Colleague: 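What follows is a single structure, and I will ask about it in a moment.
Since we're looking at a predicted model, the values are computed, not measured. Per chain, numbering begins at 1; letters A, B, ... match sequence-line order.
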Protein chains: 2
Amino acid sequence: MVRSTRSKLSSNKPRQVRDAEATKAQIIDAAEEEFAKHGLNGARTEAIAKGAGITTAMIYYYFQSKEGLYKAVLQRPAIEMYQMLQQLNLDQLPAEFALKKAVRAAIAYEAAHPQRGMLWFQEANQTQGKYFKQGNWQETFAHIIKVLERGMAEGSFRQLDPLMISMQIAGVCTFYFNAHENIKHLTPDVDRLSPEMIERYTTEAVNLILAGVRQQK
Amino acid sequence: MVRSTRSKLSSNKPRQVRDAEATKAQIIDAAEEEFAKHGLNGARTEAIAKGAGITTAMIYYYFQSKEGLYKAVLQRPAIEMYQMLQQLNLDQLPAEFALKKAVRAAIAYEAAHPQRGMLWFQEANQTQGKYFKQGNWQETFAHIIKVLERGMAEGSFRQLDPLMISMQIAGVCTFYFNAHENIKHLTPDVDRLSPEMIERYTTEAVNLILAGVRQQK
DNA sequence: AAAAAGACTAACTAAATTTTTAGTTAACAA
DNA sequence: TTGTTAACTAAAAATTTAGTTAGTCTTTTT
(Lines give C-alpha, C1' and ligand atoms only; values in the text may rest on other atoms or scores of the structure.)
Protein backbone atom coordinates (compact mmCIF):
# COMPACT_ATOMS: atom_id res chain seq x y z
CA MET A 1 0.00 0.00 0.00
CA VAL A 2 1.43 3.32 -1.07
CA ARG A 3 0.84 6.44 0.92
CA SER A 4 2.17 9.93 0.49
CA THR A 5 3.84 10.98 3.68
CA ARG A 6 4.86 14.43 2.62
CA SER A 7 3.24 17.18 4.63
CA LYS A 8 2.46 20.38 2.82
CA LEU A 9 3.61 22.28 5.90
CA SER A 10 7.15 21.09 5.82
CA SER A 11 7.78 19.88 2.32
CA ASN A 12 9.65 22.83 0.88
CA LYS A 13 11.56 24.67 3.56
CA PRO A 14 14.56 23.16 5.28
CA ARG A 15 14.07 23.12 9.02
CA GLN A 16 15.75 25.47 11.47
CA VAL A 17 18.73 23.95 13.25
CA ARG A 18 18.67 22.73 16.84
CA ASP A 19 15.70 24.62 18.24
CA ALA A 20 14.01 22.23 20.61
CA GLU A 21 10.70 24.08 20.93
CA ALA A 22 10.35 24.60 17.19
CA THR A 23 11.15 20.97 16.53
CA LYS A 24 8.64 19.76 19.09
CA ALA A 25 5.98 21.99 17.53
CA GLN A 26 6.79 20.66 14.05
CA ILE A 27 6.49 17.10 15.28
CA ILE A 28 3.11 17.84 16.85
CA ASP A 29 1.89 19.57 13.68
CA ALA A 30 2.87 16.64 11.50
CA ALA A 31 1.50 14.19 14.04
CA GLU A 32 -1.85 15.96 14.25
CA GLU A 33 -2.28 15.54 10.52
CA GLU A 34 -1.24 11.90 10.55
CA PHE A 35 -3.27 10.94 13.63
CA ALA A 36 -6.34 12.76 12.29
CA LYS A 37 -6.17 10.74 9.10
CA HIS A 38 -5.20 7.36 10.46
CA GLY A 39 -5.83 7.29 14.20
CA LEU A 40 -3.42 6.02 16.83
CA ASN A 41 -2.90 2.56 15.35
CA GLY A 42 -2.98 3.50 11.71
CA ALA A 43 -0.61 6.44 12.01
CA ARG A 44 2.99 5.70 11.02
CA THR A 45 5.80 7.19 13.03
CA GLU A 46 7.86 7.26 9.86
CA ALA A 47 5.22 9.39 8.15
CA ILE A 48 5.16 11.78 11.10
CA ALA A 49 8.96 12.02 11.10
CA LYS A 50 9.04 12.71 7.39
CA GLY A 51 6.32 15.34 7.73
CA ALA A 52 8.28 17.07 10.48
CA GLY A 53 11.58 16.71 8.65
CA ILE A 54 13.30 14.69 11.37
CA THR A 55 14.06 11.08 12.16
CA THR A 56 11.73 8.79 14.09
CA ALA A 57 14.17 8.74 17.00
CA MET A 58 13.28 12.37 17.75
CA ILE A 59 9.73 11.32 18.51
CA TYR A 60 11.06 9.13 21.29
CA TYR A 61 13.58 11.74 22.38
CA TYR A 62 10.82 14.29 23.00
CA PHE A 63 7.68 12.24 23.59
CA GLN A 64 8.91 8.85 24.91
CA SER A 65 6.46 6.85 22.79
CA LYS A 66 3.95 6.99 19.98
CA GLU A 67 1.22 7.12 22.59
CA GLY A 68 2.98 9.96 24.39
CA LEU A 69 3.01 11.94 21.18
CA TYR A 70 -0.66 11.12 20.66
CA LYS A 71 -1.51 12.54 24.07
CA ALA A 72 0.46 15.71 23.33
CA VAL A 73 -1.41 16.11 20.05
CA LEU A 74 -4.81 15.77 21.71
CA GLN A 75 -4.02 18.27 24.42
CA ARG A 76 -3.73 21.22 22.08
CA PRO A 77 -7.23 21.35 20.52
CA ALA A 78 -8.84 20.71 23.89
CA ILE A 79 -7.16 23.79 25.35
CA GLU A 80 -7.70 26.00 22.30
CA MET A 81 -11.38 25.20 22.00
CA TYR A 82 -11.90 25.98 25.64
CA GLN A 83 -10.12 29.33 25.35
CA MET A 84 -11.97 30.29 22.19
CA LEU A 85 -15.32 29.86 23.87
CA GLN A 86 -14.27 31.86 26.91
CA GLN A 87 -13.39 34.81 24.73
CA LEU A 88 -16.80 35.00 23.09
CA ASN A 89 -18.49 36.32 26.25
CA LEU A 90 -21.75 34.75 25.20
CA ASP A 91 -23.42 35.58 28.53
CA GLN A 92 -23.37 39.27 27.81
CA LEU A 93 -25.32 39.06 24.56
CA PRO A 94 -28.98 38.43 23.78
CA ALA A 95 -29.48 34.70 23.22
CA GLU A 96 -30.18 34.97 19.54
CA PHE A 97 -27.06 36.99 18.85
CA ALA A 98 -24.98 34.81 21.16
CA LEU A 99 -26.00 31.68 19.27
CA LYS A 100 -25.22 33.33 15.96
CA LYS A 101 -21.80 34.33 17.23
CA ALA A 102 -21.07 30.87 18.64
CA VAL A 103 -22.03 29.15 15.39
CA ARG A 104 -19.87 31.51 13.35
CA ALA A 105 -16.94 30.99 15.72
CA ALA A 106 -17.33 27.23 15.74
CA ILE A 107 -17.35 27.00 11.95
CA ALA A 108 -14.40 29.41 11.71
CA TYR A 109 -12.50 27.22 14.16
CA GLU A 110 -13.24 24.11 12.10
CA ALA A 111 -12.19 25.94 8.94
CA ALA A 112 -8.89 26.94 10.55
CA HIS A 113 -8.27 23.33 11.71
CA PRO A 114 -10.16 21.17 9.22
CA GLN A 115 -8.56 17.96 10.45
CA ARG A 116 -9.39 18.28 14.13
CA GLY A 117 -12.92 17.00 13.91
CA MET A 118 -11.62 13.73 12.58
CA LEU A 119 -8.96 13.66 15.27
CA TRP A 120 -11.78 13.82 17.78
CA PHE A 121 -13.79 11.09 16.06
CA GLN A 122 -10.74 8.84 15.80
CA GLU A 123 -10.11 9.32 19.48
CA ALA A 124 -13.71 8.46 20.31
CA ASN A 125 -13.84 5.33 18.24
CA GLN A 126 -10.40 3.92 18.84
CA THR A 127 -9.68 4.65 22.46
CA GLN A 128 -13.18 5.33 23.83
CA GLY A 129 -12.27 8.94 24.39
CA LYS A 130 -9.92 8.06 27.23
CA TYR A 131 -7.37 10.74 26.38
CA PHE A 132 -9.90 13.46 25.86
CA LYS A 133 -10.53 14.74 29.32
CA GLN A 134 -14.23 15.22 29.24
CA GLY A 135 -14.09 18.48 31.16
CA ASN A 136 -13.24 20.69 28.24
CA TRP A 137 -15.91 19.20 26.03
CA GLN A 138 -18.49 19.36 28.72
CA GLU A 139 -17.61 23.05 28.90
CA THR A 140 -18.09 23.44 25.18
CA PHE A 141 -21.56 21.98 25.17
CA ALA A 142 -22.39 23.71 28.43
CA HIS A 143 -21.83 27.08 26.75
CA ILE A 144 -24.27 26.32 23.95
CA ILE A 145 -26.79 24.71 26.27
CA LYS A 146 -26.73 27.79 28.48
CA VAL A 147 -27.47 30.06 25.53
CA LEU A 148 -30.33 27.83 24.42
CA GLU A 149 -31.84 27.75 27.91
CA ARG A 150 -31.53 31.52 28.20
CA GLY A 151 -33.26 31.96 24.84
CA MET A 152 -36.12 29.76 25.99
CA ALA A 153 -36.43 31.74 29.21
CA GLU A 154 -36.34 35.04 27.31
CA GLY A 155 -39.05 33.74 24.99
CA SER A 156 -36.95 34.27 21.87
CA PHE A 157 -36.42 30.50 21.37
CA ARG A 158 -39.16 27.87 21.19
CA GLN A 159 -39.34 25.00 23.68
CA LEU A 160 -36.60 22.51 22.80
CA ASP A 161 -34.24 19.93 24.29
CA PRO A 162 -31.02 21.92 24.84
CA LEU A 163 -28.58 19.00 24.92
CA MET A 164 -30.03 17.34 21.83
CA ILE A 165 -30.17 20.59 19.91
CA SER A 166 -26.62 21.51 20.92
CA MET A 167 -25.39 18.21 19.48
CA GLN A 168 -27.29 18.85 16.29
CA ILE A 169 -25.74 22.29 16.08
CA ALA A 170 -22.34 20.66 16.50
CA GLY A 171 -23.27 18.34 13.64
CA VAL A 172 -24.09 21.28 11.39
CA CYS A 173 -20.88 23.11 12.27
CA THR A 174 -18.56 20.15 11.76
CA PHE A 175 -19.99 17.97 9.00
CA TYR A 176 -18.70 20.07 6.13
CA PHE A 177 -15.12 19.65 7.33
CA ASN A 178 -15.27 16.13 8.67
CA ALA A 179 -16.84 14.89 5.46
CA HIS A 180 -14.81 17.12 3.18
CA GLU A 181 -12.91 14.24 1.61
CA ASN A 182 -16.24 12.56 0.92
CA ILE A 183 -18.24 15.49 -0.40
CA LYS A 184 -15.57 16.97 -2.59
CA HIS A 185 -16.39 14.25 -5.08
CA LEU A 186 -19.95 15.60 -5.35
CA THR A 187 -18.79 18.81 -7.03
CA PRO A 188 -15.20 18.19 -8.16
CA ASP A 189 -14.86 21.55 -9.89
CA VAL A 190 -15.54 23.71 -6.81
CA ASP A 191 -13.00 24.30 -4.03
CA ARG A 192 -15.22 23.73 -1.04
CA LEU A 193 -12.62 25.03 1.40
CA SER A 194 -12.24 28.44 -0.26
CA PRO A 195 -13.17 31.43 1.92
CA GLU A 196 -16.18 32.19 -0.28
CA MET A 197 -17.60 28.67 0.02
CA ILE A 198 -17.00 28.59 3.77
CA GLU A 199 -18.76 31.92 4.17
CA ARG A 200 -21.67 30.55 2.18
CA TYR A 201 -21.81 27.46 4.36
CA THR A 202 -21.64 29.65 7.46
CA THR A 203 -24.46 31.91 6.33
CA GLU A 204 -26.70 28.97 5.50
CA ALA A 205 -25.85 27.30 8.82
CA VAL A 206 -26.71 30.42 10.82
CA ASN A 207 -29.97 30.82 8.92
CA LEU A 208 -30.94 27.18 9.38
CA ILE A 209 -30.13 27.07 13.08
CA LEU A 210 -31.60 30.44 14.00
CA ALA A 211 -34.81 29.74 12.09
CA GLY A 212 -34.81 26.27 13.63
CA VAL A 213 -34.80 27.43 17.24
CA ARG A 214 -36.61 30.78 17.01
CA GLN A 215 -40.00 31.23 18.61
CA GLN A 216 -42.68 31.75 15.94
CA LYS A 217 -44.75 34.87 16.32
CA MET B 1 2.25 -8.78 25.13
CA VAL B 2 1.54 -12.48 25.44
CA ARG B 3 -1.35 -13.74 23.45
CA SER B 4 -2.48 -17.32 23.68
CA THR B 5 -3.97 -18.39 20.39
CA ARG B 6 -4.40 -21.88 21.71
CA SER B 7 -7.59 -23.21 23.23
CA LYS B 8 -9.08 -19.72 23.56
CA LEU B 9 -11.29 -20.09 20.52
CA SER B 10 -12.56 -23.53 21.37
CA SER B 11 -13.30 -22.65 24.98
CA ASN B 12 -15.22 -19.45 24.16
CA LYS B 13 -18.71 -19.39 22.67
CA PRO B 14 -18.78 -22.26 20.21
CA ARG B 15 -19.70 -21.08 16.74
CA GLN B 16 -21.95 -22.98 14.38
CA VAL B 17 -19.99 -25.70 12.65
CA ARG B 18 -18.78 -25.56 9.09
CA ASP B 19 -21.36 -23.27 7.53
CA ALA B 20 -19.47 -21.30 4.93
CA GLU B 21 -22.08 -18.59 4.37
CA ALA B 22 -22.60 -18.01 8.08
CA THR B 23 -18.85 -17.84 8.66
CA LYS B 24 -18.36 -15.36 5.83
CA ALA B 25 -21.12 -13.18 7.23
CA GLN B 26 -19.57 -13.31 10.70
CA ILE B 27 -16.22 -12.29 9.29
CA ILE B 28 -17.78 -9.35 7.43
CA ASP B 29 -19.68 -8.27 10.54
CA ALA B 30 -16.55 -8.31 12.68
CA ALA B 31 -14.55 -6.64 9.92
CA GLU B 32 -17.06 -3.82 9.49
CA GLU B 33 -16.69 -3.00 13.15
CA GLU B 34 -12.90 -3.15 13.08
CA PHE B 35 -12.52 -1.22 9.81
CA ALA B 36 -14.99 1.43 11.00
CA LYS B 37 -12.93 1.92 14.13
CA HIS B 38 -9.45 1.80 12.65
CA GLY B 39 -9.65 2.11 8.88
CA LEU B 40 -7.91 -0.16 6.39
CA ASN B 41 -4.39 0.30 7.74
CA GLY B 42 -5.20 0.47 11.41
CA ALA B 43 -7.49 -2.55 11.45
CA ARG B 44 -5.89 -5.74 12.73
CA THR B 45 -6.70 -9.03 11.05
CA GLU B 46 -6.24 -10.77 14.37
CA ALA B 47 -8.90 -8.54 15.93
CA ILE B 48 -11.29 -9.34 13.10
CA ALA B 49 -10.61 -13.05 13.47
CA LYS B 50 -11.21 -12.92 17.19
CA GLY B 51 -14.42 -10.96 16.69
CA ALA B 52 -15.67 -13.54 14.23
CA GLY B 53 -14.48 -16.47 16.32
CA ILE B 54 -12.14 -17.90 13.68
CA THR B 55 -8.44 -17.82 12.83
CA THR B 56 -6.83 -15.23 10.58
CA ALA B 57 -6.28 -17.89 7.95
CA MET B 58 -10.04 -17.95 7.28
CA ILE B 59 -9.91 -14.35 6.17
CA TYR B 60 -7.52 -15.37 3.42
CA TYR B 61 -9.46 -18.54 2.67
CA TYR B 62 -12.61 -16.55 1.90
CA PHE B 63 -11.38 -13.08 0.95
CA GLN B 64 -7.82 -13.61 -0.34
CA SER B 65 -6.44 -10.51 1.39
CA LYS B 66 -7.15 -7.81 3.94
CA GLU B 67 -7.97 -5.51 1.06
CA GLY B 68 -10.36 -8.06 -0.42
CA LEU B 69 -12.20 -8.23 2.87
CA TYR B 70 -12.28 -4.43 3.04
CA LYS B 71 -13.92 -4.28 -0.38
CA ALA B 72 -16.49 -6.88 0.68
CA VAL B 73 -17.27 -4.83 3.78
CA LEU B 74 -17.80 -1.63 1.81
CA GLN B 75 -20.08 -3.27 -0.72
CA ARG B 76 -22.86 -3.89 1.76
CA PRO B 77 -23.64 -0.35 3.01
CA ALA B 78 -23.41 1.04 -0.51
CA ILE B 79 -26.15 -1.26 -1.73
CA GLU B 80 -28.35 -0.90 1.35
CA MET B 81 -28.29 2.89 1.40
CA TYR B 82 -29.24 3.05 -2.25
CA GLN B 83 -32.16 0.67 -1.77
CA MET B 84 -33.44 2.45 1.32
CA LEU B 85 -33.73 5.74 -0.51
CA GLN B 86 -35.49 4.20 -3.46
CA GLN B 87 -38.18 2.78 -1.20
CA LEU B 88 -39.10 6.12 0.37
CA ASN B 89 -40.84 7.42 -2.79
CA LEU B 90 -40.10 10.98 -1.77
CA ASP B 91 -41.34 12.38 -5.09
CA GLN B 92 -44.90 11.39 -4.36
CA LEU B 93 -45.17 13.36 -1.10
CA PRO B 94 -45.48 17.08 -0.31
CA ALA B 95 -41.98 18.49 0.21
CA GLU B 96 -42.42 19.10 3.90
CA PHE B 97 -43.58 15.57 4.60
CA ALA B 98 -40.96 14.10 2.28
CA LEU B 99 -38.17 15.89 4.15
CA LYS B 100 -39.55 14.70 7.48
CA LYS B 101 -39.65 11.13 6.20
CA ALA B 102 -36.14 11.33 4.78
CA VAL B 103 -34.69 12.69 8.04
CA ARG B 104 -36.43 10.00 10.07
CA ALA B 105 -35.21 7.29 7.71
CA ALA B 106 -31.64 8.61 7.68
CA ILE B 107 -31.42 8.69 11.47
CA ALA B 108 -33.02 5.24 11.72
CA TYR B 109 -30.43 3.93 9.29
CA GLU B 110 -27.60 5.44 11.32
CA ALA B 111 -29.09 4.01 14.51
CA ALA B 112 -29.28 0.56 12.94
CA HIS B 113 -25.67 0.80 11.76
CA PRO B 114 -23.98 3.23 14.16
CA GLN B 115 -20.50 2.43 12.89
CA ARG B 116 -21.06 3.02 9.18
CA GLY B 117 -20.61 6.76 9.27
CA MET B 118 -17.10 6.29 10.55
CA LEU B 119 -16.48 3.58 7.97
CA TRP B 120 -17.33 6.16 5.34
CA PHE B 121 -15.10 8.85 6.88
CA GLN B 122 -12.18 6.46 7.26
CA GLU B 123 -12.51 5.38 3.66
CA ALA B 124 -12.51 8.95 2.37
CA ASN B 125 -9.68 10.19 4.57
CA GLN B 126 -7.35 7.23 4.31
CA THR B 127 -7.79 5.85 0.84
CA GLN B 128 -9.28 8.82 -1.03
CA GLY B 129 -12.52 6.90 -1.46
CA LYS B 130 -11.03 4.56 -4.02
CA TYR B 131 -12.88 1.50 -2.74
CA PHE B 132 -16.25 3.15 -2.28
CA LYS B 133 -18.84 3.71 -4.95
CA GLN B 134 -19.30 7.48 -4.98
CA GLY B 135 -22.44 7.17 -7.04
CA ASN B 136 -24.49 6.12 -4.06
CA TRP B 137 -23.68 9.24 -2.15
CA GLN B 138 -24.39 11.45 -5.07
CA GLU B 139 -27.79 9.72 -5.19
CA THR B 140 -28.38 10.33 -1.50
CA PHE B 141 -27.72 14.04 -1.68
CA ALA B 142 -29.56 14.32 -4.98
CA HIS B 143 -32.70 12.99 -3.31
CA ILE B 144 -32.58 15.57 -0.52
CA ILE B 145 -31.66 18.40 -2.87
CA LYS B 146 -34.62 17.54 -5.06
CA VAL B 147 -36.99 17.70 -2.10
CA LEU B 148 -35.58 21.05 -1.00
CA GLU B 149 -35.89 22.51 -4.50
CA ARG B 150 -39.46 21.26 -4.76
CA GLY B 151 -40.30 22.82 -1.42
CA MET B 152 -38.93 26.16 -2.57
CA ALA B 153 -40.92 25.95 -5.80
CA GLU B 154 -44.09 25.02 -3.89
CA GLY B 155 -43.51 27.95 -1.56
CA SER B 156 -43.48 25.80 1.56
CA PHE B 157 -39.71 26.25 2.04
CA ARG B 158 -37.88 29.57 2.23
CA GLN B 159 -35.16 30.49 -0.28
CA LEU B 160 -32.05 28.48 0.61
CA ASP B 161 -28.94 26.86 -0.87
CA PRO B 162 -30.06 23.26 -1.42
CA LEU B 163 -26.59 21.66 -1.50
CA MET B 164 -25.35 23.48 1.60
CA ILE B 165 -28.53 22.78 3.53
CA SER B 166 -28.51 19.12 2.51
CA MET B 167 -25.01 18.77 3.93
CA GLN B 168 -26.12 20.44 7.14
CA ILE B 169 -29.03 18.04 7.36
CA ALA B 170 -26.57 15.18 6.93
CA GLY B 171 -24.56 16.65 9.80
CA VAL B 172 -27.59 16.67 12.06
CA CYS B 173 -28.52 13.09 11.14
CA THR B 174 -25.04 11.59 11.60
CA PHE B 175 -23.23 13.52 14.35
CA TYR B 176 -24.92 11.77 17.24
CA PHE B 177 -23.69 8.38 16.06
CA ASN B 178 -20.25 9.30 14.78
CA ALA B 179 -19.44 11.11 18.01
CA HIS B 180 -21.24 8.68 20.26
CA GLU B 181 -18.17 7.43 22.10
CA ASN B 182 -17.28 10.99 23.04
CA ILE B 183 -20.80 12.19 23.71
CA LYS B 184 -21.48 9.39 26.15
CA HIS B 185 -18.91 10.90 28.50
CA LEU B 186 -21.07 14.04 28.74
CA THR B 187 -23.91 12.12 30.39
CA PRO B 188 -22.38 8.84 31.58
CA ASP B 189 -25.54 7.63 33.28
CA VAL B 190 -27.79 7.77 30.21
CA ASP B 191 -27.71 5.17 27.44
CA ARG B 192 -27.70 7.48 24.45
CA LEU B 193 -28.31 4.63 22.00
CA SER B 194 -31.50 3.39 23.67
CA PRO B 195 -34.63 3.53 21.49
CA GLU B 196 -36.10 6.26 23.71
CA MET B 197 -33.07 8.52 23.38
CA ILE B 198 -32.84 7.96 19.64
CA GLU B 199 -36.52 8.80 19.27
CA ARG B 200 -35.94 11.97 21.25
CA TYR B 201 -32.97 12.88 19.07
CA THR B 202 -35.06 12.18 15.96
CA THR B 203 -37.97 14.34 17.11
CA GLU B 204 -35.67 17.24 17.91
CA ALA B 205 -33.87 16.85 14.59
CA VAL B 206 -37.11 16.88 12.61
CA ASN B 207 -38.32 19.94 14.52
CA LEU B 208 -35.05 21.81 14.05
CA ILE B 209 -34.76 21.05 10.35
CA LEU B 210 -38.39 21.62 9.45
CA ALA B 211 -38.53 24.89 11.35
CA GLY B 212 -35.20 25.80 9.78
CA VAL B 213 -36.30 25.48 6.18
CA ARG B 214 -40.00 26.38 6.42
CA GLN B 215 -41.34 29.54 4.82
CA GLN B 216 -42.46 32.00 7.50
CA LYS B 217 -46.06 33.18 7.13
C1' DA C 1 -18.13 -47.32 4.22
C1' DA C 2 -14.57 -45.33 1.55
C1' DA C 3 -13.27 -41.38 -0.95
C1' DA C 4 -13.52 -36.68 -2.06
C1' DA C 5 -14.41 -32.10 -1.04
C1' DG C 6 -14.95 -28.37 1.90
C1' DA C 7 -14.20 -25.93 6.36
C1' DC C 8 -11.05 -25.07 9.43
C1' DT C 9 -6.67 -24.46 12.74
C1' DA C 10 -1.84 -24.36 14.64
C1' DA C 11 2.31 -23.03 13.61
C1' DC C 12 4.94 -20.76 10.81
C1' DT C 13 7.60 -16.95 7.64
C1' DA C 14 8.57 -12.54 5.55
C1' DA C 15 8.01 -7.98 5.89
C1' DA C 16 6.64 -3.82 8.09
C1' DT C 17 6.90 -0.96 12.05
C1' DT C 18 8.09 0.62 16.58
C1' DT C 19 11.64 1.40 19.78
C1' DT C 20 16.50 1.52 21.31
C1' DT C 21 21.38 2.16 20.92
C1' DA C 22 25.57 4.08 19.93
C1' DG C 23 27.50 7.65 18.12
C1' DT C 24 27.84 12.60 15.63
C1' DT C 25 27.30 17.60 15.29
C1' DA C 26 26.21 22.28 16.78
C1' DA C 27 25.99 25.60 20.52
C1' DC C 28 27.83 27.77 24.17
C1' DA C 29 30.12 28.72 28.51
C1' DA C 30 34.55 28.96 30.93
C1' DT D 1 40.23 26.94 22.60
C1' DT D 2 38.32 23.43 24.78
C1' DG D 3 35.07 20.75 27.45
C1' DT D 4 30.25 19.85 28.20
C1' DT D 5 25.77 19.21 26.92
C1' DA D 6 21.55 19.34 24.19
C1' DA D 7 19.92 18.22 19.63
C1' DC D 8 20.16 15.18 16.46
C1' DT D 9 21.08 10.87 13.00
C1' DA D 10 21.90 6.16 11.17
C1' DA D 11 21.21 1.84 11.87
C1' DA D 12 20.36 -2.22 14.75
C1' DA D 13 17.13 -4.66 17.72
C1' DA D 14 12.68 -5.87 19.21
C1' DT D 15 8.11 -6.36 18.19
C1' DT D 16 4.00 -6.64 15.59
C1' DT D 17 1.39 -8.03 11.74
C1' DA D 18 -0.10 -9.66 7.15
C1' DG D 19 -0.12 -13.57 4.81
C1' DT D 20 1.20 -18.95 4.04
C1' DT D 21 1.60 -23.86 4.70
C1' DA D 22 0.63 -28.29 5.95
C1' DG D 23 -2.35 -30.92 7.79
C1' DT D 24 -6.93 -32.17 10.71
C1' DC D 25 -11.70 -32.60 11.21
C1' DT D 26 -16.45 -32.72 9.25
C1' DT D 27 -19.78 -33.27 5.71
C1' DT D 28 -21.22 -34.88 1.32
C1' DT D 29 -20.93 -37.95 -2.47
C1' DT D 30 -20.48 -42.29 -4.50
Colleague: Please give, in whole Å, the distance from C:dT19 P to A:I54 CD1?
Modeller: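 Result: 14 Å.
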Colleague: Side chain of A:A57, heavy atoms from C-beta onward: which of D:dA10, D:dC8, D:dG19 has the nearest atom to it?
Modeller: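 Minimum distance to the A:A57 side chain belongs to D:dA10.
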Colleague: Counting N and O atoms only, with roles assigned by atom type, does the side chain of B:H113 sit under 3.5 Å from a partner on the main chain of B:Y109, one being a donor and the other an acceptor?
Modeller: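 Here the side-chain-to-backbone pair does not exist.
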Colleague: If I take atom NE2 in residue B:H38 and atom C1' in nucleotide D:dT17, what distance separates them, rounded to the nearest angstrom?
Modeller: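 In whole Å, D:dT17 C1' and B:H38 NE2 are 14 Å from each other.
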Colleague: Whole angstroms only, please: what is the CD-P distance between B:E46 and C:dA16?
Modeller: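 Distance, rounded to whole Å: 19 Å.
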Colleague: Has B:R44 got a side-chain N or O lying under 4.0 Å from the OP1 or OP2 atom of D:dT16?
Modeller: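 No, no such contact exists.
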Colleague: DNA chain C: B:E21 or A:N41, which has the more 5' nearest nucleotide?
Modeller: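 Nearest-nucleotide comparison on DNA chain C picks B:E21.
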Colleague: Using a heavy-atom cut-off of 4.0 Å across all strands, would you classify A:Y62 as base, sugar-phosphate, or nothing?
Modeller: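 Sugar-phosphate, backbone atoms only, no base.
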Colleague: Taking the nucleotide of DNA chain D with the closest heavy atom to each, which residue, A:T55 or B:Q64, is nearer the 5' end?
Modeller: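 Looking at the nearest nucleotide for each, A:T55 comes out on the 5' side.
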Colleague: OP1 or OP2 of C:dT20 less than 4.0 angstrom from a side-chain nitrogen or oxygen of A:Y60, does that happen here?
Modeller: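 For C:dT20, neither OP1 nor OP2 has a side-chain N or O of A:Y60 closer than 4.0 Å.
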Colleague: Tell me the interatomic distance from B:E34, atom CD, to D:dT17, atom C1', rounded to whole angstroms.
Modeller: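 Atom CD in B:E34 sits about 12 Å away from atom C1' in D:dT17.
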Colleague: Using whole Å, what does the distance between atom C1' of nucleotide D:dT17 and atom NZ of B:K66 come to?
Modeller: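 It is 8 Å, rounded to the nearest whole Å.
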Colleague: Indicate the ring-plane relationship of B:F175 and A:W120, choosing parallel, tilted or perpendicular according to the 30° and 60° boundaries.
Modeller: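 Geometry flag for A:W120 against B:F175: tilted rings.
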Colleague: Starting from P on D:dG19, measure out to CE on B:M58 and report it in whole angstrom.
Modeller: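 In whole Å, D:dG19 P lies 16 Å from B:M58 CE.
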Colleague: State whether B:R104 and B:E199 are salt-bridged, where the test is any N-O pair (Lys NZ or Arg NE/NH1/NH2 against Asp/Glu carboxylate O) under 4.0 Å.
Modeller: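 Looking at B:R104 and B:E199, the cut-off is met.
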Colleague: Can you label the angle between the B:Y201 ring and the B:F177 ring as parallel, tilted or perpendicular, going by 30° and 60°?
Modeller: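 Aromatic pair B:Y201/B:F177 classed perpendicular.
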Colleague: Rounded to the nearest angstrom, tell me the gap between atom CZ in A:F63 and atom C1' in D:dA7.
Modeller: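 It works out to 14 Å between those atoms.
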Colleague: Scan A:A49 against the nucleic acid and name what it touches under 4.0 Å (heavy atoms): base, sugar-phosphate only, or nothing.
Modeller: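 Nothing: the residue A:A49, judged by heavy atoms under 4.0 Å, touches no strand.
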Colleague: Can you measure A:I59 atom CD1 to C:dT20 atom P for me and round it to whole angstrom units?
Modeller: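 The distance from CD1 of A:I59 to P of C:dT20 comes to 12 Å, rounded to the nearest Å.
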Colleague: For D:dC8, does either OP1 or OP2 sit under 4.0 Å from a side-chain N or O belonging to A:T23?
Modeller: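 For D:dC8, OP1/OP2 do have a side-chain N/O of A:T23 under 4.0 Å.
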Colleague: Any side-chain N or O of B:Y61 under 4.0 Å from OP1/OP2 of C:dC8?
Modeller: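 Result: no.
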Colleague: Between A:K146 and A:E149, does any NZ, NE, NH1 or NH2 come within less than 4.0 Å of an OD or OE carboxylate oxygen?
Modeller: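 No, A:E149 and A:K146 are not salt-bridged.
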Colleague: Of the listed nucleotides (C:dT21, C:dA7, C:dT18), which one gets closest to any side-chain atom of A:T45?
Modeller: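 From the listed options, C:dT18 comes nearest.
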Colleague: Taking the minimum atom-to-atom distance to the side chain of B:S65, which one of D:dT9, C:dT9, D:dG19 wins?
Modeller: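 Closest nucleotide among those given: D:dG19.
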Colleague: Which nucleotide in the set D:dG19, D:dC8, D:dC25 lies at the smallest distance from any side-chain heavy atom of B:R18?
Modeller: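 Out of D:dG19, D:dC8, D:dC25, the nucleotide with an atom closest to B:R18's side chain is D:dC25.
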